[in-house]
Engineer: 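Got a structure for you, questions after.
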Amino acid sequence: MNERRKPYPFDQLEPKWQAIWEKQRAFHATNPGEENFDPTKAKFYVLDMFPYPSGSGLHVGHPEGYTATDIVARYKRLCGFNVLHPMGWDAFGLPAEQYAIKTGQHPAVTTRENVAKFKAQLQRIGFSYDWEREVNTTDPRYYRWTQWIFLKIYNSWLNPATNQAEPISTYGGADPNSVRLAYIAEVPVNWCPELGTVLANEEVVDGKSEVGGFSVVRRPMRQWMLRITAFAERLLDELEGLDWPASIKALQRNWIGKSEGAEIDFTIQQREGRIRVFTTRPDTLYGATYMVLAPENPLVGQITTEDRREAIEKYRTDIAAKSDLERTDLAKEKTGAFTGAFAINPANDEAIPIWIADYVLMGYGTGAIMGVPAHDERDLEFARKFELPVIEVVKPPGGEDAIGFVGDGIAINSPLINGLTSGKAKTKITTWLEERGQGKSAINYKLRDWLFSRQRYWGEPFPVVWEEGNHRALEETELPVVPPPLEDYKPTGTGEPPLAKAKDWIRYSENATRETNTMPQWAGSCWYYLRFCDPGNHERFVGEEAEQYWMGGGKPGGVDLYIGGVEHAVLHLLYARFWHKVLFDLDYLSTPEPFQRLVNQGMILGEDGRKMSKRWGNVIDPLDVIKIHGADAFRCYEMFMGPLEQMKPWSMRGVEGVARFLARVWRLIMNENQAGEWELSTAVRDVAQTKAQQKILHATIKKVTEDIETLSFNTAISQMMIFVNAFTTAEVVPLSSMRTFLILLNPFAPHLSSELWETLSEKFGGSGQITEQAWPDYDEALLVTDEVEVVLQVNGKRRDVITVAIDMPDAELEKAALANPKIAALVAGKTIRKIVVVPKKLVNVVVG
RNA sequence: GCCGAUGUGGCGAAAUGGCAGACGCAACGGACUUAAAAUCCGUUUCCAUUAAUCUGGAGUGUGGGUUCGAGUCCCGCCAUCGGCACCA
């Protein structure tokens with residue numbers, strides 16, 4: 001009912017300091033060449049994954065990572081670094097467009113409103129972003145350069161000789177379009193006939209459209225593709241040197257999906273031509289008793305015999321009607337059909353039947369496999385279903401059953417390689433095939449080229465026009481290509497993008513029309529970290545000097561710390577690395593990798609332990625928390641909950657606990673007078689610290705410093721609590737202890753510490769705000785005391801503890817232990833086998 | 001199935017191979033108060049035992065191992081979570 005009294009006036013001092021910081025440009029990072037730039041300072045670039053500004057505003061998950069980076073940013077500034085800590089908006093996307101379809105309101109308007117809301121929320125939490133560097137991917141001044149980078153990609157190719165992206169002009173072949181890093185291809189997309197539109201994968205749930213639940217089919221359409229597969233090997237290799245979580249590296253490795261093996265050519269019986277298969281187990285070639293083509297493989301029509309044609313066509317039609325989900329259902333039985341044709345196994349010249357089956361995918365390898373049922377689970381299942389022969393060709397090392405054994409062993413029933421281990425057999429058979437022109441070693445990747453076009457309105461238009469059926473890139477001077485205003489954002493229903501409705505806009509010239517597809521949402525986020533280095537540059541996507549300073553400086557270079565959610569583990573982080581490498585090859589960038597150190601914050605669950613969602617009614621709004629406890633308490637609680645990377649449930653009680661801690665800090669320095677006003681406590685005096693106070697202060701400096709470096713914010717806060725607990729009972733609170741402590745607290749609770757710092761300065765003097773101070777050093781010598789507690793053990797079990805001089809020699813410690821009555825009693829009558837002495841820690845007496 | 005992560009009090013969690021449970025929440029007891037809130041002080045892993053805050057034992061998912069000593073290192077198993085999934 002009646003509002004509870006605030007434990008300290010955060011509702012006044014927090015907005016006060018936020019206004020001061022903004023007015024003073026306190027967190028503005030200066031670029032080389034800018035006024036006040038200090039070349040003696042080292043740079044530190046700490047970055048958040050910028051958000052999509054949705055209509056519902058922030059939830060408590062967003063500020064978790066943001067608070068972590070803010071603490072690091074504030075800490076590094078106090079340590080004397082020139083810190084780049086920016087924020088922006090990844091604002092192209094579906095919700096704004098769908099809202100536009102419903103209401104007719106232009107997505108730009110919706111976006112502007114949402115951005116304002118997000119920004120106000122972030123500012124209320126007191127993040128120290130350099131707002132002068134704010135970027136928005138939907139701003140023409142931004143996406144002009146997104147389009148410019150597309151032109152660079154379009155006008156490049158990967159030269160196999162150098163394994164680098166080079167301008168297309170260095171390509172000597174006849175058809176440059178066949179090697180461009182951006183190209184056009186007919187690829188299957190998710191087409192929803194009911195909605196009359198193409199859907200992104202994320203909009204398809206269980207084979208149905210997310211909206212309406214209509215069925216979605218695969219349909220080939222003309223699409224822009226980016227040749228990311230050309231960089232597969234480098235994306236894989238250069239992952240190694242990055243300071244990223246092992247799990248994220250594993251996810252990317254898995255996504256790239258490198259497989260080493262061989263391509264083997266099988267001739268077709270009584271017919272011209274060959275069928276090429278990819279296998280990771282060329283050593284099992286003698287066990288290949290049949291061959292399977294993907295149903296969509298174009299060879300199927302050519303090789304099928306007349307008597308089998310009807311059955312094959314029926315099978316292909318059935319498969320085409322199936323959704324991806326039905327097709328990949330692992331629980332279902334294997335299906336397939338015999339083509340009537342036979343292939344010749346190059347190892348033994350035996351004829352083996354050629355089947356088609358949907359367990360072979362057109363999109364991986366060559367769309368054809370050799371069936372080795374004895375040593376592949378899927379092939380075995382298929383062979384059993386259709387009664388095909390099973391020949392064992394690998395003997396397991398452990399003597400288990402050879403049929404169904406998929407590991408490495410010894411080759412058998414394989415004249416050329418009998419007796420060899422699987423590894424050696426692979427090499428030998430591959431060499432043998434190579435000599436006869438029937439195969440070669442090969443590497444395959446699961447990674448596919450990036451489908452880069454969308455049939456959407458609210459995205460970056462392509463800087464491309466079409467002339468007589470050919471695509472042509474625009475000149476850089478023609479950028480930005482701005483989308484036309486539309487009255488109706490609905491999909492056309494024909495599969496043509498909404499931009500196709502803008503008849504005037506499409507007409508580029510007499511005989512050229514504009515590309516009407518737009519880029520996917522990932523485009524803008526592929527390079528935003530570069531734009532932050534120099535957001536106002538009108539001449540270049542990022543100035544050379546700025547790029548070299550922020551991305552090139554420092555030891556490995558790049559973004560020094562990047563924090564964000566795991567959901568971007570593969571897509572955003574892989575796409576951005578890809579673009580970065582293209583630009584690096586083309587000499588626009590200083591480093592081959594964008595993000596040196598990556599950390600994923602764990603998800604924050606609701607108080608009920610479930611994922612926060614409207615459905616469960618367990619969503620926490622940061623502003624509600626801030627209203628009751630203040631932004632500093634909110635920040636500190638987010639960090640105190642547990643390790644940053646870990647998933648953890650929210651607890652309002654927990655917030656109260658942290659708020660109590662901050663109130664204790666306040667009351668350590670402030671006192672409430674008779675009139676109910678806060679004034680500086682008379683206990684705070686400019687006196688020397690006691691030895692004990694000095695020790696705990698230095699222990700706190702050490703712990704907080706180390707914990708910030710390792711992002712262990714929860715234990716840093718614990719230590720500060722210990723510090724405060726130790727001082728609450730003190731009758732005299734030394735000024736110097738408080739000043740140092742406030743600097744340590746500043747990155748965590750910037751408003752409170754700023755206010756208290758100012759109050760102390762008013763009374764005792766002192767220069768500058770807390771944000772202008774230097775991070776304190778600790779003195780290791782002050783941490784040691786004259787005496788230490790040494791644990792006494794018998795056979796590894798703690799029996800007593802004694803206090804001794806810190807420098808007591810081992811021999812004396814041993815003596816003291818044996819003289820201890822408890823130890824003596826336990827040792828009496830037994831043989832002492834050994835005595836382990838750990839100086840300053842323990843003595844362990846081993847008896848037998 | 002494959003890959004990855006995680007298992008510690010009533011709860012969130014701490015612990016360079018060296019006193020398991022720091023810090024916080026909750027709970028209980030006390031001080032202050034007419035009362036409550038707030039604040040401050042204390043207790044709080046479990047079992048047994050005790051007048052006791054003594055004392056003894058057990059204890060970090062589970063079974064082994066290495067070690068004077070293991071939450072921590074090694075091997076096997078179980079459970080939970082996340083990702084990928086007919087990728088030849």
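Residue numbering restarts at 1 for every chain, and letters A, B, ... go by the order of the sequence lines.
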Engineer: Taking the six-membered ring where the residue is Trp, are the ring centres of A:Phe382 and A:Tyr290 under 6.0 Å apart?
Structural biologist: yes
Engineer: Over all strands shown, is A:Pro643 touching base, sugar-phosphate only, or nothing at heavy-atom distances under 4.0 angstrom?
Structural biologist: sugar-phosphate
Engineer: Verify whether one side chain among A:Asn673 and A:Glu679 offers a donor that lies under 3.5 Å from an acceptor in the other.
Structural biologist: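 Yes, because at least one side-chain N or O of A:Asn673 sits under 3.5 Å from a partner of the opposite role on A:Glu679.
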Engineer: Are A:Tyr8 and A:Trp678 an aromatic pair by the rule of ring centers under 6.0 Å?
Structural biologist: no
Engineer: Give me the ring orientation class for A:Trp355 and A:Phe386: parallel if the planes are under 30° apart, tilted from 30 to 60°, perpendicular past 60°.
Structural biologist: tilted
Engineer: Of the candidate nucleotides B:rG57, B:rC81, B:rC84, which contains the atom at the shortest distance from the side chain of A:Met647?
Structural biologist: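 Taking heavy atoms from C-beta onward, the closest nucleotide is B:rC81.
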Engineer: Supply the atom-to-atom distance A:Phe231 CZ to A:Tyr445 OH, rounded to the nearest 0.5 angstrom.
Structural biologist: 13.0 Å
Engineer: Closest to the A:Gln646 side chain: B:rA58, B:rG4, B:rA13?
Structural biologist: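 Out of B:rA58, B:rG4, B:rA13, the nucleotide with an atom closest to A:Gln646's side chain is B:rA13.
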Engineer: Less than 3.5 Å apart, any donor N or O on the side chain of A:Tyr637 or A:Asp632 sitting next to an acceptor on the other?
Structural biologist: no
Engineer: Please encode protein proximity along nucleotides 17-24 of chain B as a string of B, S and -, counting only heavy-atom distances under 4.0 Å.
Structural biologist: -BB--BBS
Engineer: Pick the closest RNA chain B nucleotide for A:Thr366 and for A:Glu377 by heavy atoms, then say which residue is nearer the 5' end.
Structural biologist: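 Taking each residue's closest nucleotide, the earlier one in sequence belongs to A:Glu377.
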Engineer: OP1 or OP2 of B:rA88 less than 4.0 angstrom from a side-chain nitrogen or oxygen of A:Ser259, does that happen here?
Structural biologist: yes
Engineer: Should A:Lys797 be listed as having a side-chain N or O under 4.0 Å from OP1 or OP2 of B:rA58?
Structural biologist: yes
Engineer: Which way is the base of B:rG29 turned, syn or anti, if we draw the line at 90° from 0?
Structural biologist: anti
Engineer: OP1, OP2 of B:rG12 versus side-chain N and O of A:Lys648: anything below 4.0 Å?
Structural biologist: no
Engineer: Over how many whole Å does the gap from A:Glu607 atom CD to B:rA26 atom C1' extend?
Structural biologist: 13 Å
Engineer: Name the closest nucleotide to the A:Lys834 side chain, picking from B:rA26, B:rC68, B:rC84.
Structural biologist: B:rC68
Engineer: In whole Å, what is the span from the CD atom of A:Gln252 to the P atom of B:rG4?
Structural biologist: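 Rounding to the nearest Å, CD of A:Gln252 and P of B:rG4 are 16 Å apart.
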Engineer: Among the candidates B:rG57, B:rA88, B:rC3, find the nucleotide nearest to the side-chain atoms of A:Arg799.
Structural biologist: B:rG57
Engineer: Tell me which of A:Gly365 and A:Trp255 sits closer to the 5' end of RNA chain B, going by the nucleotide each one is nearest to.
Structural biologist: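 Of the two residues, A:Trp255 wins.
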Engineer: Classify the side chain of A:Lys334 versus the base of B:rC86 as yes if they form a donor-acceptor pair under 3.5 Å and no if they do not.
Structural biologist: yes
Engineer: Holding to ring-ring contact (aromatic ring centres under 6.0 Å, His included), I want the full list of residues that pass it with A:Phe713, two or more places apart in sequence or in another chain.
Structural biologist: none
Engineer: Pick from A:Val394, A:Asp408, A:Val372: which one makes a side-chain contact (heavy atoms from CB on, under 4.5 Å) with A:Asp283?
Structural biologist: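 Single pass found, and it is A:Val394.
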Engineer: Would you please confirm or rule out a distance under 4.0 Å between OP1 or OP2 of B:rA88 and any side-chain N or O of A:Tyr364?
Structural biologist: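 The answer is yes; a side-chain N or O of A:Tyr364 sits under 4.0 Å from OP1 or OP2.
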Engineer: Only stems of 3 or more consecutive Watson-Crick or G-U pairs count here, both distances under 3.5 Å; name the ones for RNA chain B, or none.
Structural biologist: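 Consecutive-pair runs (3 or more) involving RNA chain B: B:1-7 with B:78-84, B:10-12 with B:23-25, B:27-31 with B:39-43, B:45-48 with B:55-58, B:61-65 with B:73-77.
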Engineer: Please determine if A:Glu233 and A:Lys258 form a salt bridge, counting it only when a charged side-chain N lies under 4.0 Å from a carboxylate O.
Structural biologist: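 Result for this pair is yes, salt bridge flagged.
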